[in-house]
Amino acid sequence: MYEIAVIPGDGIGKEVMEATLHVLEALDIDFNYKFADAGDKYAEKTGIALPQDTIDIVKESQACLFGAAGETAADVIVKMRQELDLYVNLRPVKSYPGTSSLFDNLDFVIVRENTEGLYIGLEEKTEEGATALRVITKKASERISRFAFEYAKKTGRKKITAVHKANVLKKTDGLFKEVFYQVARDYPEMELDDRYVDATAMFFITKPEMFDVIVTTNLFGDILSDEGAGLVGGLGLIPSANIGEKQGLFEPVHGSAPGHAGKGTANPSAMILSAMLMLDYLEEFDNARKLENALVEVLNEGKIVTADLGGNSSTMEMAREVRRKLESQ
Ligand code: NAI
Ligand code: MG
């Protein structure tokens, strides 16, 4: 039995969450869901976007499924990352059939450091203009590298590429690269590589098959994740994981998409794939693959899919079809 916090949030967050929970019911796993509030609608009623109750529920759970928030997204998701010290942001770049992916056989993962780098928010106005501080610590570099290696080991991946700009940022990225190679000594079976971030951005387009697991700092990871999303299709398809020492929080990359909200036209795939990442995190690998395969069948057939995938089915119709595939596996 897994204790799972469920935060549907706003707009299509609620709809893709309902669809995903419907699909998960077909798996032979017991989840005890604890529903929790956060987002714009909750803030309208109470003045608070992320109540302490919700943080407590997530802390007491093994994992959290999060739909999307609207305008309060930063207050909800950024706060949750800090409160729970979710230091890993994990984004798969995987091409699925029946989508607008630019390549057919992509399958790599970006592991982005989520707590420091240029995003610590230490900016300052100066006489000449402004400065921002970029902080790289041994501790954060070590734990993000170790996470990447452990993740690779658990999920059967073979190669890790550290992405940095150590030729220019000699001290900060020099440290990141050095720590990466120190951690690598504990994983002699792993193939190692390191690349400059600018070249990596180019190789995403020209030779993306060279990547397996990428580990990188906060800003570079943010940019490369979105480039990766662009390689494999629209927002309706891209999941993400935020992982800390004690919890994991799994969410689609998309927001509350007000234009789709209430119409049943949102693609549930990104949320379903976020649940798949949760299953991997819980080491339910067989169930994760079953869920993924069921979705792939539906995408491949391309018949009962939402409008962004070229179909005319609703969110729940597509979810029911994924569930049928799961039940007939
Ligand atoms: P968005 O991701 O909600 O939508 C961007 C575009 O992608 C829209 O054209 C939308 O129709 C399409 N889209 C997104 N998800 C889709 C799905 N599942 N199926 C089909 N089409 C989909 O981003 P936008 O419009 O910039 O922001 C809308 C609201 O969401 C804002 O209030 C923003 O603050 C919030 N937001 C929340 C996030 C979070 O909770 N993590 C992340 C991004 C935005
Ligand atoms: Mg981003």
Side-chain angles (χ1 to χ4, degrees), residues 5-23 36-44 49-50 54-55 58 64-84 86 88-91 96 98-101 112 114 119 221-223 225-226 228-230 232-243 248-278 295 298-299 302 304-319 321-322:
V6 177
I7 309 176
D10 298 312
I12 67 164
K14 290 206 251 2
E15 298 165 40
V16 296
M17 185 67 79
E18 187 193 347
T20 299
L21 297 184
H22 177 75
V23 174
D37 290 310
D40 296 10
K41 273 270 154 23
Y42 188 76
E44 275 165 34
L50 179 67
T54 295
I55 297 172
V58 178
C64 172
L65 289 172
F66 175 65
E71 292 304 302
T72 55
D75 301 327
V76 174
I77 188 70
V78 176
K79 181 133 186 254
M80 211 123 60
R81 283 180 189 149
Q82 287 161 353
E83 288 275 339
L84 304 167
L86 302 171
V88 183
N89 192 292
L90 189 126
R91 291 265 289 265
Y96 287 105
T99 69
S100 57
S101 180
R112 160 188 166 197
N114 221 7
Y119 286 175
D222 190 15
I223 298 170
S225 302
D226 277 21
V232 293
L235 273 174
L237 285 157
I238 315 287
S240 76
N242 299 273
I243 297 173
L249 184 149
F250 303 85
E251 52 160 348
V253 170
H254 66 69
S256 62
H260 286 281
K263 296 183 184 155
T265 49
N267 183 349
S269 301
M271 188 76 233
I272 292 172
L273 290 170
S274 300
M276 175 201 80
L277 293 179
M278 179 181 81
L295 178 66
V298 174
L299 293 172
I304 306 181
V305 293
T306 47
D308 59 318
L309 297 168
N312 53 20
S313 300
S314 71
T315 310
M316 278 313 287
E317 281 165 352
M318 184 167 170
E321 184 64 7
V322 176

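Order of appearance sets the numbers: ligands from 1, and atoms from 1 within every ligand. Given the structure is predicted, the values throughout are model-derived calculations rather than measurements.
In this structure, the side chain of T72 does not engage the main chain of D75 through any donor-acceptor pair within 3.5 Å. S240 places a side-chain N or O within 3.5 Å of a backbone atom of E251 that can act as its donor or acceptor partner.
For atom 37 (C) of ligand 1, a protein non-hydrogen atom is found at a distance below 4.0 Å. Distance check for atom 8 (C) of ligand 1: every protein heavy atom is found at 4.0 Å or beyond. Taking a distance limit of 4.0 Å, we find that atom 24 (P) of ligand 1 is approached by no protein heavy atom. Put simply, atom 27 (O) of ligand 1 has no protein non-hydrogen atoms near it, under 4.0 Å away.
Interatomic distance, F66 CZ to I77 CD1, rounded to the nearest 0.5 Å: 5.0 Å. Remark: S274 OG to I238 CD1 distance equals 10.0 Å, nearest 0.5 Å.
Listed by atom number, the atoms of ligand 1 under 4.0 Å from G236 heavy atoms are 17 (C), 18 (N). Here is the list of ligand 1 atoms found below 4.0 Å of a heavy atom in P258: 28 (C). Listed by number with element, the atoms of ligand 1 under 4.0 Å from a non-hydrogen atom of A68 are 40 (O). Remark: ligand 1 atoms within the under-4.0 Å shell around heavy atoms of F66 are 40 (O).
Remark: ligand 1 and A69 share an N or O pair separated by less than 3.5 Å (distance only, no angle test). Among the atoms of A73, none of the N or O lies under 3.5 angstrom from an N or O of ligand 1.
The nearest heavy-atom contact from the protein to atom 14 (C) of ligand 1 is H254 CB, 3.5 Å. The closest protein non-hydrogen atom to atom 5 (C) of ligand 1 is L235 CD1, 3.7 Å. Atom 18 (N) of ligand 1 has N267 O, 3.0 Å as its closest protein atom, hydrogens excluded (heavy atom only). Looking only at protein heavy atoms, the nearest one to atom 3 (O) of ligand 1 is A257 N, 2.8 Å. Counting protein heavy atoms only, atom 30 (O) of ligand 1 is closest to S256 N, 3.0 Å.
Residue contact annotation: A266 has a non-hydrogen atom under 4.0 Å from ligand 1. Using a 4.0 Å heavy-atom cutoff, A270 is absent from the residues neighbouring ligand 1.
The residue among G70, A19, G255 with a heavy atom at the shortest distance from atom 34 (O) of ligand 1 is G70. Nearest to atom 31 (C) of ligand 1 by heavy-atom distance, out of E251, H260, E71, is E71. Of the options I12, L237, I77, V78, the smallest heavy-atom separation from atom 16 (C) of ligand 1 is shown by I12.
No part of A307 comes within 4.0 Å of ligand 1, judged by heavy-atom distances. Contacts with ligand 1 closer than 4.0 Å are made by no heavy atom of D40, backbone or side chain.
In this structure, E83 places its CD atom where more than 12 heavy-atom neighbours from other residues, nucleotides or ligands lie under 6.0 Å away. The local environment of NZ in K41 is sparse, with at most 12 non-hydrogen atoms from other residues, nucleotides or ligands closer than 6.0 Å.
Closest approach of D10 and D40 over heavy atoms only: OD2-N, 2.6 Å.
Between M271 and the options L21, T315, V23, L65, a side-chain contact (heavy atoms from CB on, under 4.5 Å) holds for only L65.
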